[in-house]
Amino acid sequence: MFMNRRTVRIEWGDCDPAGIVFYPRYMAMFDHSTVLLLEAALGCNKHELYKAYDFDGYPMVETRARFFVPTRYCDEVVIETTVKEVRRTSFHVHHRLMKDGTLAVEGFESRVWIVRDKERPGRFKPQPIPAEIVERLT
């Protein structure tokens, strides 16, 4: 499966009063890591992706995380993001945030490829992920 890696420096605004990363900030880091993974796999940014395919996004429908080692302001961490499984209308992503080579945080996401539901205005529905995207993610 496809994997992307990036280095992130923990910023002051990521931290809580105790000086460690406030856990929702990891979710934001992981969300952006998923965007970067898709850009790397597909060779286009999110705006170009919307132009190239008839779809309305890939929202997260499930997430969870496990925390092992705290990270703090100025720490440089590496986030490894991997597509673990691609299904007909969804895909599953695994994030590993490493601090000095040690697993600090592990995150999991499930996302769904969606379009607007013409029969129910204001609503969305799953749509099969295009074959060429499945091929690049796997």
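Numbers for residues simply follow the sequence, beginning at 1. Keep in mind it's a predicted model, so treat the numbers as computed, not measured.
Cluster membership for L37 and V134, using ILVMFWY side-chain heavy atoms within less than 4.5 angstrom, is shared. Clustering ILVMFWY residues whenever any of their side-chain heavy atoms sit less than 4.5 angstrom apart, transitively, puts I10 in the very cluster that holds F30.
Ion pairing between a basic and an acidic side chain is recognised when a charged N comes within 4.0 Å of a carboxylate O; D117 and R123 show no such pairing. Here D31 pairs with R111 in a salt bridge; the nearest charged N to carboxylate O distance falls below 4.0 Å. For the pair E106 and R66, the salt-bridge criterion is met [side-chain N within less than 4.0 Å of a carboxylate O]. Salt-bridge check for E11 with R9: failed, with every basic side-chain N at 4.0 Å or more from each acidic carboxylate O.
The closest side-chain donor-acceptor pair between H92 and S110 falls under 3.5 angstrom. Remark: the T89 side chain and the Q127 side chain contain no N/O donor-acceptor pair separated by less than 3.5 Å.
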Could you give me the CA-CA distance, side-chain angles and deciding distance for I114 and K125, then say whether side-chain contact (heavy atoms from CB on, under 4.5 Å) is met?
-> CA-CA 5 Å; I114 62 165; K125 65 180 182 178; over 6 Å; no

Trace of the side-chain contact (heavy atoms from CB on, under 4.5 Å) decision for V69 with L103 | CA-CA 7 Å; V69 176; L103 180 61; over 6 Å; no

Would R136 and F2 count as a side-chain contact (heavy atoms from CB on, under 4.5 Å) if you check the C-alpha gap in whole Å, the side-chain angles of each, and the deciding distance to 0.1 Å?
-> CA-CA 7 Å; R136 288 186 179 192; F2 195 84; over 6 Å; no

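Relative ring orientation between Y53 and W113 is described as perpendicular, the plane-to-plane angle rising above 60° on a 0-90° scale split at 30° and 60°. Between F108 and H94, the angle of the ring planes stays under 30°, which puts this pair in the parallel group of the 30/60° scheme. By the 30° and 60° cut-offs, the orientation of the rings of Y58 relative to F55 is parallel.
H95 NE2 to I79 CD1: the interatomic distance, rounded to the nearest 0.5 Å, is 8.0 Å. Rounding to the nearest 0.5 angstrom, the gap separating the OG1 atom in T138 from the CZ atom in F91 is 12.5 Å. Separating the CG atom in L137 from the CD atom in E85 is a distance of 12.5 Å, to the nearest 0.5 Å. For the atom pair N4 CG and L38 CG, the distance stands at 9.5 Å (nearest 0.5 Å).
For the pair T71/L97, a side-chain contact is recorded, criterion being any heavy-atom separation below 4.5 Å from C-beta on.
Taking each heavy atom of S33 and R6 in turn, the nearest pair found is OG-NE, 2.8 Å.
For the side chain to side chain donor-acceptor pair (under 3.5 Å) with E109, the lone residue among T63, T81, T34 that qualifies is T34.
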